[in-house]
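Per chain, numbering begins at 1; letters A, B, ... match sequence-line order. Computed from heavy atoms alone, side chains included, the values below leave out hydrogens, waters and symmetry copies. In this text the structure is predicted, and so the values were computed from the model without any measurement.
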2 protein chains.
Amino acid sequence: MDKLQLDNQLCFKLYALSRKVIAVYRPILEALDITYPQYLVLLVLWEVKSITVKDLGARLYLDSGTLTPLLKRLEQKGILDRQRDMEDERSVVITLKPAGKDLLQNAKKIPETLGSCISLGQKEYQQLKGQLDSLLAQLTIDQS
Amino acid sequence: MDKLQLDNQLCFKLYALSRKVIAVYRPILEALDITYPQYLVLLVLWEVKSITVKDLGARLYLDSGTLTPLLKRLEQKGILDRQRDMEDERSVVITLKPAGKDLLQNAKKIPETLGSCISLGQKEYQQLKGQLDSLLAQLTIDQS
DNA sequence: ATTATTTTAATTTTGCACAATTAAATTGTG
DNA sequence: CACAATTTAATTGTGCAAAATTAAAATAAT
């Protein structure tokens, strides 16, 4: 097997599939007027309400160079607030605003909608998730 | 199970892992002075030597808005040529130059280097590849 | 306490991604 | 042939990603 052949490259498939799945999300998220990375930020904020940029980045594996402009766009839309932590002025704390909380209702049906676009048996789903988790964990040891 | 929880999102794991693996490639490709998407273009060109932008995009699932500037950068480095097809002036044909061909020697050891960074059994590897292939095929039916 | 180190987010720069539009050339139709 | 429809790559504009630098503030060391 020629490992330099495109078809044999696991990473290429991962990269291509990741973009394809995000493309499936795109028209669905367009109804909420948000992008996929913005949706990920909201998934976290719907769970915790308030979080620093640093902690948000740790959960999404994204750095401030990516998050800061993204969060500013969400701030301009009135979805969240950005403010310095009083106790540690180096940190910026993100807080969900009512408009952002309201989006949760419209998002509730997204997982189901997506499931109907991508047919994947329960067993295969769990298996794939497990393998992705395992690889992700393997590549995440070095940065605390 | 709350399907709106970040940890339960298959797509997020796919997206995060894809970026993580590309991050593993980054220092390795830096030695060749190319990026990961540029490496993918070269993988195709090492196979076929010459190809139109359209066909290249079909193989990589990328459009001309992404490829045109990327190919211009590789052209400036002397790695490839871009020229209109004589027989159909709408098409642009990409041709590998000697400098690009030479890079193949330095790239030969990349799959092995990567394999040492990511430990994945032969069985799990084949299984994962199969699942990614299957999902990719499922999401690629609609565009010829 | 003073100074050095570390932590943190912003800023800057480069390079993808992709939607939408434009422009040019080919193909299809009458 | 003429002319509309289609195909194609380039262009334009917006939004990520991530490395490198900067600046500010907290923490640690002496």
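Comparing Thr52(A) and Ala23(A) against DNA chain C, the residue whose closest nucleotide sits nearer the 5' end is Thr52(A). Summary of the strand contacts: Arg90(A) and Ser64(A) both lie near DNA chain D, and taking for each the nucleotide with the nearest heavy atom, the more 5' one is attributed to Ser64(A). Residue order along DNA chain C, read from the 5' end via each residue's closest nucleotide, puts Arg82(A) first among Arg82(A) and Asp88(B).
Figure legend. dG30(C) is base-paired to dC1(D); pairs are counted as Watson-Crick or G-U wobble with both atom distances under 3.5 Å.
In summary, contact between chain B and DNA chain D, defined as any nucleotide atom under 4.0 Å from a heavy atom of the protein, begins and ends at dT7(D) to dA19(D) in the 5' to 3' direction.
Among the heavy atoms of the strands lying under 4.0 Å from Ser91(B) are primed sugar atoms or P, OP1, OP2 only; no base atom is included.
Spacing between atom CD1 of Ile22(B) and atom C1' of dG15(C) amounts to 12 Å, rounded to whole angstrom units. Separating the CZ atom of Arg19(A) from the C1' atom of dC18(C) is a distance of 10 Å, rounded to the nearest angstrom. The distance from atom CE of Met86(B) to atom P of dT26(C) is 13 Å, rounded to the nearest whole Å. A straight line from CZ of Arg26(B) to C1' of dG15(C) spans 11 Å, rounded to a whole angstrom. When the C1' atom of dA24(C) is taken as reference, atom CG of Asp85(B) falls 15 Å away, rounded to whole Å. If you measure from atom CG of Asp63(A) to atom P of dG15(C), you get 17 Å, rounded to the nearest angstrom.
For Asp33(A), the side-chain contact (heavy atoms from CB on, under 4.5 Å) partners are Lys77(A), not counting sequence neighbours.
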Identify every side-chain donor-acceptor pair in residues 103-110 of chain B under 3.5 Å, counting partners at least two apart or on other chains, and give the distances.
unit_1, atom_1, unit_2, atom_2, d
Lys109(B), NZ, Asn106(B), O, 3.2

Mind listing the side-chain donor-acceptor pairs of residues 38-51 of chain A below 3.5 Å, one per line with the distance, residues two or more places apart or on another chain?
unit_1, atom_1, unit_2, atom_2, d
Gln38(A), OE1, Thr35(A), N, 3.1
Trp46(A), NE1, Gly100(A), O, 3.0
Glu47(A), OE1, Arg59(A), NH2, 3.3
Glu47(A), OE2, Leu6(B), N, 3.2
Ser50(A), OG, Ile94(A), O, 3.4
Ser50(A), OG, Thr95(A), OG1, 3.4

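Using a distance-only test at 3.5 Å, with no hydrogens or angles considered, a donor-acceptor pair links the side chain of Thr52(A) to the main chain of Asp55(A). Here the side chain of Gln131(A) pairs a donor or acceptor atom with the backbone of Glu124(B) at under 3.5 angstrom.
Between Glu75(A) and Arg82(A) there is a salt bridge, with a side-chain nitrogen of the basic residue lying less than 4.0 Å from a carboxylate oxygen of the acidic one.
The stretch residues 27-45 of chain A has no heavy atom under 4.0 angstrom from DNA chain C at all. Sorted by residue number, the members of residues 66-73 of chain A with any non-hydrogen atom under 4.0 Å from DNA chain D read Thr66(A), Leu70(A), Arg73(A).
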Next item on the list: Verify side chain to side chain contact (heavy atoms under 4.5 Å, CB included) between Leu56(A) and Leu71(A), making sure each step is shown before the conclusion.
Entry: CA-CA 11 Å; Leu56(A) 186 57; Leu71(A) 292 169; 4.0 Å; yes
Checklist line | Test side chain to side chain contact (heavy atoms under 4.5 Å, CB included) applied to Ile118(B) and Gln138(A), step by step | finding: CA-CA 8 Å; Ile118(B) 302 175; Gln138(A) 191 183 134; 4.0 Å; yes
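The aromatic ring centroids of Tyr36(A) and Tyr15(B) lie less than 6.0 Å from each other.
Between Leu120(A) and Leu10(B) the shortest side-chain heavy-atom distance falls below 4.5 Å.
A donor atom on one side chain and an acceptor atom on the other are found under 3.5 Å apart for Gln126(A) and Gln122(A).
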